[in-house]
J.: 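Attaching a single structure in structure tokens format; questions to follow.
Worth saying up front: this structure is predicted, and the values here are computed from it rather than measured. Here is the naming used below: chain letters follow the sequence lines, and residue numbers restart at 1 for every chain.
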Amino acid sequence: MTVRTRFAPSPTGFLHIGGVRTALFAWLFARRHGGQFVLRIEDTDRERSTEEAIQVILDGMEWLKLRPDEGPLYQTDRFPRYKEVADKLMAEGHAYHCYCSKEELDVMRAEQREKGEKPRYDGRCRNRAEPVPGVDPVVRFRTPEEGSVVVEDKVFGRVVFENAELDDLVLVRSDGVPTYNFSVVVDDMDMEITHVIRGDDHLNNTPRQINIYHALGAHPPTFAHVPMILGPDGSKLSKRHGAVSVLEYRQEGYMPEALLNFLVRLGWSHGDQEIFSVEEMIHLFDLEHVNKAASSFNPDKLLWINQQYIMKADGKQLGLDLWWQLERMGVDTKAGPEPEQVAEAFRQRAQTQHEMAQSALFFYQDFSGYHEKAAKQHLRPVALEGLERVRDGLTVLEDWRAEPIHDVIHSVAESLELKLGKVAQPIRVAVSGGPVSPPIDVTLELLGRERTLERLNRAIAFVGERAQAAAANG
RNA sequence: GCUCCGUUCGUCUAGUGGUUAGGACGCUGGCCUCUCACGCCGGUAACAGGGGUUCGAAUCCCCUACGGAGUACCA
């Protein structure tokens with residue numbers, strides 16, 4: 001039997017990292033076993049489902065390359081099938097019509113709660129022979145009254161539920177729309193899902209679903225409930241931390257492989273290994289090493305992993321990503337060096353590509369003013385001679401490459417009997433506006449002769465003005 | 001309330017009766033160095049609590065505490 005897993009999100013909110021992690025595990029498991037991965041959109045709740053959310057799910061999974069072998073399938077396309085199965089259950093006595101009103105049920109539950117009992121449907125319509133005129137009934141499942149259901153969960157192990165704890169759940173609403181616990185069973189059965197990998201918030205639903213499988217004469221699939229992902233503070237994931245659309249991570253400059261790597265280590269491990277290529281994940285992933293406890297999302301680690309990926313990323317891709325970020329920021333990338341070369345210079349200096357773009361801005365456009373502290377520290381009269389000599393040396397330099405540029409700066413430092421840093425740092429502030437940049441020779445090469453000389457002259461003038469102002473004041 | 005589930009450094013985790021409880025992120029000391037990074041060397045910090053079982057428990061059992069989920073004509 002070939003393995004078939006599925007990811008079945010309901011498009012009622014954005015696809016966030018919790019959902020992605022579940023999808024990743026299901027996808028990895030299918031890949032690992034040479035099986036298929038199905039994407040099913042659970043949109044039976046028409047009130048809350050949105051077209052936008054569906055699009056985010058599709059785009060997000062495409063970005064992460066978590067591509068389904070089948071689907072997207074939509075539950076709203078399958079209503080006739082649910083009806084067919086419900087009718088069968090009715091005909092065989094596994095289900096019955098219930099005419100109770102919402103109010104009636106509320107009263108019933110309130111009374112039970114008062115008595116310290118678990119609120120549950122008491123089966124009052126179980127043996128009703130006649131319909132109630134004018135009332136559209138719901139279809140309820142006739143849960144076995146005795147015995148227990150054993151869930152052999154791949155993650156949680158053996159979990160036993162007493163049927164007496166369960167009640168007769170609604171299968172089909174009065175308007176004919178199936179409920180989750182029913183449609184999910186029909187779908188997983190029809191789609192021949194062998195392994196249901198989903199969030200552990202569904203563990204409690206599992207015995208009910210298993211009972212439905214049995215009533216249908218079907219074999220339940222293997223279940224694996226994966227723990228939830230919490231926010232950095234250990235609270236439920238919210239908009240503040242991870243509960244934003246996954247696509248936001250693309251905008252913030254994370255690489256999809258890095259996000260996947262981060263997510264696979266949330267609740268799963270392979271010894272001490274931290275970095276996994278997608279191929280390695282596929283090769284190594286297993287349900288046995290999935291944790292039982294929820295884990296919280298650590299943004300710093302995501303940043304670190306992303307940086308690791310940037311360092312090793314393909315140069316072309318890095319250039320493309322930097323270009324994309326710059327364009328998004330409204331920068332004219334034609335007005336500066338090739339993004340690919342710039343990205344190379346920043347390879348080890350950025351945790352995200354967005355950060356890289358921010359740092360690289362000075363290659364493409366002029367900065368308005370100097371970083372105050374840096375200017376104060378480095379653009380001083382003592383730096384003047386070095387700046388001028390370097391400018392003069394670079395003006396006549398024939399070969400505009402990092403090495404010869406380095407030689408010019410180095411010899412100026414030597415002739416002034418200064419350490420390289422004493423000469424380089426003022427140049428850095430002069431050309432970048434701030435105290436941080438890639439190695440100075442590389443920076444100048446990328447910046448180009450024209451811009452370099454122009455900015456050097458501007459800095460020289462700046463130092464001159466400052467000296468005059470200081471003299472006037474003091 | 002009831003049912004089910006969970007609990008190892010701040011965080012992600014290794015660990016399946018005998019370990020100085022290991023690694024990673026973070027933080028931190030140092031080295032490298034033209035800045036920032038990268039890299040390298042070092043430090044910090046954990047078995048929720050209490051009872052058992054055992055020669056011996058992070059590991060097995062029970063209780064408590066805390067956290068989570070379900071208890072819908074949501075999914």
J.: May I ask you to say what Arg428(A) touches in the nucleic acid, namely base, sugar-phosphate or nothing, with a heavy-atom cut-off under 4.0 Å?
T.: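 Base: the residue Arg428(A), judged by heavy atoms under 4.0 Å, touches a nucleobase.
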J.: Output the rounded distance in Å from CD (Gln273(A)) to C1' (rG22(B)).
T.: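 Distance check: Gln273(A) CD to rG22(B) C1' gives 16 Å.
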J.: Which base, if any, makes a Watson-Crick or G-U wobble pair with rA57(B), both distances under 3.5 Å?
T.: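 Result: none.
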J.: Please work out which residues in residues 404-415 of chain A have a non-hydrogen atom less than 4.0 Å from an atom of RNA chain B and list them by number.
T.: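 RNA chain B contact set from residues 404-415 of chain A: none.
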J.: Whole angstroms only, please: what is the CG-P distance between Leu230(A) and rC66(B)?
T.: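 Distance check: Leu230(A) CG to rC66(B) P gives 18 Å.
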J.: Would you kindly give the CD-to-C1' distance between Glu111(A) and rU71(B), to the nearest whole Å?
T.: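 Interatomic distance, CD of Glu111(A) to C1' of rU71(B): 17 Å.
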J.: Under 4.0 Å, counting only non-hydrogen atoms across every strand here, what does Asp175(A) touch: a base, just sugar-phosphate, or nothing?
T.: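 Touches nothing.
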J.: For Lys154(A), what residues pass the side-chain hydrogen bond (donor to acceptor under 3.5 Å, both in side chains) criterion, not counting sequence neighbours?
T.: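 For Lys154(A) there are no side-chain hydrogen bond (donor to acceptor under 3.5 Å, both in side chains) partners, ignoring immediate neighbours.
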J.: Rounded to whole Å, please give me the gap between NZ in Lys312(A) and P in rC38(B).
T.: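 One finds 14 Å between P of rC38(B) and NZ of Lys312(A), rounded.
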J.: What residues form a side-chain hydrogen bond (donor to acceptor under 3.5 Å, both in side chains) with Asn211(A), not counting sequence neighbours?
T.: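 So Asn211(A) forms a side-chain hydrogen bond (donor to acceptor under 3.5 Å, both in side chains) with Asn163(A).
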J.: Want to settle it: does Pro438(A) or Phe156(A) sit nearer the 5' end of RNA chain B, counting the closest nucleotide to each?
T.: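 Per heavy-atom nearest nucleotide, the more 5' residue is Phe156(A).
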J.: Return the nucleotide paired to rC4(B): Watson-Crick means purine N1 to pyrimidine N3 with N6-O4 or O6-N4, wobble means G-U with N1-O2 and O6-N3, both under 3.5 Å.
T.: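 Pair assignment: rC4(B) / rG68(B).
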J.: Using only modelled atom types and a 3.5 angstrom limit, is any donor from either the side chain of Ser174(A) or the base of rC73(B) paired with an acceptor on the other?
T.: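 Between rC73(B) and Ser174(A), which were checked side chain against base, a qualifying N/O pair under 3.5 Å is present.
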J.: Between Arg140(A) and rC73(B), is there a contact of a side-chain N or O with OP1 or OP2 at under 4.0 Å?
T.: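 True: Arg140(A) side-chain N/O within range (under 4.0 Å) of rC73(B) OP1/OP2.
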J.: If you round to the nearest 0.5 Å, how far is CZ of Arg198(A) from OG1 of Thr22(A)?
T.: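 That separation rounds to 11.0 Å.
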J.: Using the side chain to side chain contact (heavy atoms under 4.5 Å, CB included) rule, pick out the option among Leu302(A), Ile305(A), Leu24(A), Val246(A) that qualifies with Leu263(A).
T.: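 When Leu302(A), Ile305(A), Leu24(A), Val246(A) are each tested with Leu263(A), the side chain to side chain contact (heavy atoms under 4.5 Å, CB included) holds only for Leu24(A).
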J.: How does protein contact run along nucleotides 10-16 of chain B, one letter per nucleotide 5' to 3', with B for base contact, S for sugar-phosphate only, - for none, heavy atoms under 4.0 Å?
T.: -BBSS--
J.: Measuring from atom NE2 of His94(A) to atom OG1 of Thr143(A), what distance do you get when rounded to the nearest 0.5 angstrom?
T.: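 So the NE2 of His94(A) and the OG1 of Thr143(A) are separated by 11.0 Å.
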J.: In whole Å, measure the gap between the C1' atoms of rA46(B) and rU54(B) for me.
T.: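 Between the two C1' atoms, the distance is 25 Å.
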J.: In whole Å, I'd like the distance from the CD1 atom of Ile427(A) to the P atom of rC36(B).
T.: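 Rounded to whole Å, this separation is 16 Å.
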J.: Got a second to check how far Ile310(A)'s CD1 is from Gln308(A)'s CD, nearest 0.5 Å?
T.: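 Here the rounded value is 10.0 Å.
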J.: Could you check which residues of residues 339-356 of chain A get a heavy atom under 4.0 Å from RNA chain B? Sort them by number, please.
T.: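 Under 4.0 Å from RNA chain B: Gln348(A), Arg349(A).
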J.: Can you tabulate the close N/O pairs, meaning under 3.5 Å, that link protein atoms to atoms of nucleotides 40-46 of chain B?
T.:
none

J.: Mind checking salt bridge (charged side-chain N to carboxylate O under 4.0 Å, His left out) for Glu414(A) and listing every partner two or more places apart, or none if nothing turns up?
T.: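 Once residues adjacent in sequence are excluded, Glu414(A) has no partner under the salt bridge (charged side-chain N to carboxylate O under 4.0 Å, His left out) criterion.
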J.: Under 4.0 angstrom, heavy atoms only, what part of the nucleic acid is Gln308(A) near: base, sugar-phosphate, or nothing?
T.: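 If one applies the 4.0 Å heavy-atom cut-off, Gln308(A) turns out to touch the sugar-phosphate alone, with no base involved.
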J.: Give me the distance, rounded to whole Å, that separates rC41(B) from rC32(B) when you measure between the C1' atoms they each carry.
T.: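 The answer is 11 Å between these two C1' atoms.
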J.: For rA21(B), which nucleotide is its Watson-Crick or G-U wobble mate, given both distances must be under 3.5 Å?
T.: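 Check on rA21(B): unpaired, no WC or wobble geometry under 3.5 Å.
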J.: Can the ring centroids of Trp268(A) and Phe285(A) be said to lie less than 6.0 angstrom from one another?
T.: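 Yes, close enough.
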J.: Would the Tyr180(A) and His202(A) ring centres measure less than 6.0 Å apart?
T.: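 Close enough - the centres of the two rings lie under 6.0 Å apart.
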J.: List for me each residue that meets side-chain contact (heavy atoms from CB on, under 4.5 Å) alongside Glu104(A), sequence neighbours excluded, and say none if there are none.
T.: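 Cys100(A), Ser101(A), Arg124(A).
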J.: Holding to side-chain hydrogen bond (donor to acceptor under 3.5 Å, both in side chains), I want the full list of residues that pass it with Ser295(A), two or more places apart in sequence or in another chain.
T.: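 Listed in chain order: nothing, the list is empty.
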J.: rG67(B), OP1 or OP2 - any side-chain N/O from Lys236(A) closer than 4.0 Å?
T.: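 Checking Lys236(A) against rG67(B): no side-chain N or O falls below 4.0 Å of OP1 or OP2.
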J.: Return yes if the base of rA75(B) and the side-chain atoms of Asn205(A) contain a donor-acceptor N/O pair under 3.5 Å, otherwise no.
T.: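 Such a pair is found, so the answer is yes.
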J.: Cation-pi between Arg128(A) and Tyr96(A): NZ/CZ under 6.0 Å from ring centre and within 45° of the ring axis?
T.: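 No, Arg128(A) does not sit over the ring of Tyr96(A).
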J.: Would you mind reading off the distance between Asn204(A) atom CG and rA69(B) atom P, rounded to a whole angstrom?
T.: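 Value for this atom pair: 11 Å.
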J.: With sequence neighbours left out, what residues match Ala360(A) under side-chain contact (heavy atoms from CB on, under 4.5 Å)?
T.: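 Val342(A), Phe346(A), Phe363(A).
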J.: Output yes when at least one side-chain N/O atom of Arg109(A) is less than 4.0 Å from OP1 or OP2 of rC73(B), else no.
T.: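 True: Arg109(A) side-chain N/O within range (under 4.0 Å) of rC73(B) OP1/OP2.
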J.: Taking any strand in view, what nucleotide pairs with rC36(B) in a Watson-Crick or G-U wobble way, both distances under 3.5 Å?
T.: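 Check on rC36(B): unpaired, no WC or wobble geometry under 3.5 Å.
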J.: Could you tell me whether His202(A) contacts a base, only the sugar-phosphate backbone, or nothing, with contacts defined as non-hydrogen atoms closer than 4.0 Å?
T.: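 It contacts base atoms.
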J.: I need the CZ-C1' distance between Phe14(A) and rA75(B), as an integer number of Å.
T.: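 After rounding, the gap between these two atoms is 18 Å.
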J.: Of the residues in residues 161-170 of chain A, which ones touch RNA chain B at a heavy-atom distance under 4.0 Å?
T.: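 Those residues whose heavy atoms fall under 4.0 Å from RNA chain B, taken from residues 161-170 of chain A in numerical order, are Phe161(A), Glu165(A), Val170(A).
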J.: Report the distance from atom CD1 of Ile310(A) to atom P of rA37(B), rounded to the nearest whole Å.
T.: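 Atom-to-atom, Ile310(A) to rA37(B), this comes out as 15 Å.
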J.: Can you tell me the pairing partner of rC73(B) across any strand shown, Watson-Crick or G-U wobble, with both distances under 3.5 angstrom?
T.: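 By the stated definition (distances under 3.5 Å), nothing pairs with rC73(B).
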J.: What pairs with Asp45(A) under side-chain hydrogen bond (donor to acceptor under 3.5 Å, both in side chains), at least two apart in sequence or on another chain?
T.: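 Asp45(A) satisfies side-chain hydrogen bond (donor to acceptor under 3.5 Å, both in side chains) with Arg48(A) once adjacent residues are dropped.
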J.: Does the ring center of Tyr370(A) lie less than 6.0 Å from the ring center of Phe462(A)?
T.: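 Ring centroids of Tyr370(A) and Phe462(A) are less than 6.0 Å from each other.
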J.: Compute the centroid of each ring, for Phe262(A) and then for Trp304(A), and state whether the two points are separated by less than 6.0 Å.
T.: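 No - the distance between ring centres of Phe262(A) and Trp304(A) does not fall below the 6.0 Å cut-off.
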